Structures are given as C-alpha cells and as structure tokens.
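Heavy-atom basis, side chains included; hydrogens, waters and symmetry copies ignored. Lettering of chains follows the sequences in order, A, B, ..., and the numbering in each one begins at 1. Bear in mind the structure is a predicted one, so any value in this text is a computation, not a measurement.
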Number of protein chains: 2
Amino acid sequence: MSQKETYHHGDLRQTLLNEALAWIAQEGISNISLRGLARRVGVSHNAPYRHFEDKTALLAAVAAEGFQSLTAALSGAISQDSTDYLGNLEAIGVAYVGYGVQNFARYRVMFGPALSECHQRSPLAAAAGDAFNVLVEAIVQGQAAGVIRRDNPEKIARIAWALVHGLVMLAIDGQLSLTPGDSLEEIAHYATRLLSAGLAPWRSPADGQPLQ
Amino acid sequence: MSQKETYHHGDLRQTLLNEALAWIAQEGISNISLRGLARRVGVSHNAPYRHFEDKTALLAAVAAEGFQSLTAALSGAISQDSTDYLGNLEAIGVAYVGYGVQNFARYRVMFGPALSECHQRSPLAAAAGDAFNVLVEAIVQGQAAGVIRRDNPEKIARIAWALVHGLVMLAIDGQLSLTPGDSLEEIAHYATRLLSAGLAPWRSPADGQPLQ
DNA sequence: CGAGAAAAGTTGTCGCTGTCAACATAGAGG
DNA sequence: CCTCTATGTTGACAGCGACAACTTTTCTCG
C-alpha cells in the first residue's frame, strides 16, 4: 500500500510474505504453493524467484519476521521496573502462548518441518536466539533476587521454553481439548505457575534429593 | 517376512509403512512421496492406492502405529507395584522424551502438519487418547496418595504432556543446543523433577496465592 | 472342480507443482 | 541517449497426487 506502484509492480516481496500468511491461516501450511501464491498476488508463476531463492527461503523469511515479532511480544509482556521476577517470568510464558495461538499460521511456519533442517542457519537462528534471550534474562534476574534456584539459567530457560512451546503446538493442533471453563489462557497461567513453583530455590519436602 | 509371498506380491501394506519410516528418517518428512515409496518397494506408482485411500491415510497409519508403541513405552516405564507415584510420573516423562527422540521419524509424522487437520478423527484420536490416559492414571494415583495437588488431573496431564512434547519437538528440530554435560536424558529428568516439585500439594511460600 | 466375484497390481492420463533457462521491460546512472 | 541491472514474463521439464480402465491373481461358493 505505502510504497506500491513505485517500481515495476510494487514491493512484491512483502506482498508475498503477507499473502503467504493469509494462505496458511486459511488452508493450512501443507498445501501452500509458490505458484498459487503468485496467482493470488497477480504476478507470473516465476516472479517470486526474483525475491526468494526457493520456496524454503520464502518460508524462512516468514519465520524470521515471526521471531522478531515474538521477541517484541515477550519483551512487552514484562514490566522492566517491577521486582516481581516470578511474575515477569509467568507473564512471559502467558505472552508466549498467546502469541503462538493468535499467530498460529506464522507459528506453524516458524516451527514447521520445512525449516527444521536449516533452523540453525542465520539469520533465522539469530532471530530465534533473541526471543530465547528474553527468557534467559528474566530467569537470571529472578536468580539474582533469590526467587529462582541457581541452576544453569539456560537450562531452566530451555525447559520453560519447551513447556510453552508444547502448549502452543498442542493447542494449534487442537489436541488440548479445552473444556469450557478451562480457557487456553487459564491453562497457560496455571502451567507457568506450576513451573515457577517448581523453580523455587528451597527444596520441596516431597523431593528428598536436591534437584540436579 | 512372516506372511510374505502368500498373495500377489506379499504384504505390501506393512512394507510401505516400514519403508515410509526409513525414508523419513533418512530424508525428512517434507520430501516423502507415494510414488517414490512405491519405487523403493518395487511396485508400480499406483499400487499403494490399493491399501491407502491417499497419502494422508498412509501417514495416519504410520502415526497410529506410533501412538500404540508410545503407549506401550509409557506403560512399560512405570513400576505398577511401586508406591513412588512421583517417581512413576517422572519415569513416564523421561520415557516419553526418550521415545520421541529415538523414534523421531515416527514422532514427526504423529505430530506433523499433514495430520493436524484430521487429528481428532478416529482411530488416530483413540490411539493418542490411550497414551494420554497412561499419564492421567499416574496423576490420579499420585493424587490419591496425597503427593500431587488435587486439581483436575486431566488439566495437570495436559501440562505435563505439553512439557515433554515441547522437549521432544525442540530436540528433534535441533533447537535445544545441548551443551556437553547436559544430555537430553538429563534435561528430561530435570524437567520432570521441576514439574513434579511444582505439583506438590502444599503451597510454596513464594506463591502468595493458592494455585488455580 | 470350475465359474464368477473380489482383491491386488499395472498402465495411462490429467492437472498441479518447483525449478531452470531464455527473454522482455522498466529505472538508474554514466 | 545508451547501457546496465533489477524485476517480471514466457516456456519448458520432471516429479507428484489422484483418477480411470485394464489385467492378473486369489478366494468363494455352488
């Protein structure tokens, strides 16, 4: 819209990215095709190749956009001046689940099988790392304040990430079977509370052995 | 092997299922094709259609096999006569992660996007439900013994499932970045310990509000 | 035992897809 | 003005999923 018609046909690159998201949201990720995308946008079947090396590259660009907005969503969920570090951690978890479910089409691309092979490649890995670091930072702060046990913060972050990631995946795939009264947001809250309770620095009486 | 050569060309159905797994393990799930599968097995490109309605049906059969063996793996992980219910729960979690990582090709099919639309359909849903019930049962036992807080056991099970599912997905996609000394099995142990610590029935001092 | 039905496999075809190669056009810069 | 490069188009090819029609094998049952 903004800078369209300025060049040959406008900024086709961003148009393709947006249309891909709309397509995936409507018909799922498995049936998406470059040719169909070009058709919907109104260009020839080979025009996308001027902006993306191949189909995977287009999906990777969608994913990279996703990780950036995910990072923003997570950063925006915490209150920087708050000293409720556990609350911040829980807020990050809830925000993560909310982002994944609201942007489920993008999320499917970000963690879909098409990108699973090249997922350690930059700049996709860098974008994903930024989002991960928001989580690590919150854990480090909680450890400094003494409300989170002092194990390797990255290790804790990986587990917290796995928890919310699993919630999003199951929710997107419709396998959470949400009963009325158990909204997804409530489950996310409950899950993050459960984890943060387990993260307490004192050893719980049920756990005869020290953790780790 | 067992009942081969008895009919036209042997039991093509199972041969196709096995070959599909081998293919996915080698080259990923995105590039699999019915025609290539038939080629590898040595039949014509349309022979698979005598055993599976379409490509999705074949993948669904692979997934159904997977959920059955997953159920067996989880059931085998717990010691029925033990009274260490938290230990049983943790063992289920570790077994789940182990199954997913060892059978990563099958796991990708079970939770891949091809089946995400029809995932509530039987008998796939029933097979998945069996695996889920192993988890619920362990939680109910722990609640009866008083070592797990008495919230809705299915709700707790969904969260535990999300945790281990997320771990498997991230591990399979190579996004767990396992540092030396942090083996996946150790992370799975740590994660399940963390969760079971959070599941303790007493309220932790850090949590000013009662959970739920 | 023998004919017909049903199961299992094959060949042929269609439209669609990803990708490569060659060609066309529009703006930029000398 | 003329060329260079970025962008978009047309054409082609092999591979794919799926359907239809045909053949071969096995089973069933009178």
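For the pair D11(B) CG and dA7(C) C1', the computed distance is 15 Å after rounding to whole Å. Going from atom CG of L37(A) over to atom P of dG8(D) covers 14 Å, rounded to whole Å. Nucleotide dT9(D) holds its P atom 14 Å from the CZ atom of R39(A), rounded to whole Å.
Checked by atom type and distance alone, the side chain of S82(B) never pairs as donor or acceptor with a backbone atom of I78(B) at under 3.5 Å. Without hydrogens or angle criteria, Q141(B) side chain to N88(B) main chain gives no donor-acceptor distance under 3.5 Å. In this structure a side-chain-to-backbone donor-acceptor pair under 3.5 Å is present from Y99(B) to G66(B). Looking at R149(B), its side chain does come within 3.5 Å of a backbone N or O of A200(B) through a donor-acceptor pair.
A heavy atom lying under 4.0 Å from DNA chain C marks none of the residues of residues 20-32 of chain B. Within residues 45-55 of chain A, the residues having any heavy atom under 4.0 Å from DNA chain C are, by residue number, H45(A), N46(A), Y49(A), R50(A), D54(A), K55(A).
Side-chain proximity of L34(A) to dT19(C), dT17(C), dT9(D): nearest is dT19(C).
At dC16(D), one or more side-chain N or O atoms of S33(B) fall inside 4.0 Å of OP1 or OP2 (strictly under the cut-off).
Taking the nucleotide of DNA chain D with the nearest heavy atom to each of G42(A) and R35(A), the more 5' of the two is matched to G42(A).
The environment of Q26(B) atom CD is dense: over 12 non-hydrogen atoms of other residues, nucleotides or ligands sit within 6.0 angstrom.
Qualifying side chain to side chain contact (heavy atoms under 4.5 Å, CB included) partners for A127(B), counting only residues two or more places apart in sequence or in other chains: F67(B).
Within the 4.5 Å cutoff, the side chain of L115(B) has no heavy atoms near those of the D173(A) side chain.
Classified by interplanar angle (parallel below 30°, tilted 30° to 60°, perpendicular above 60°), the ring pair F132(B)/W161(B) is tilted.
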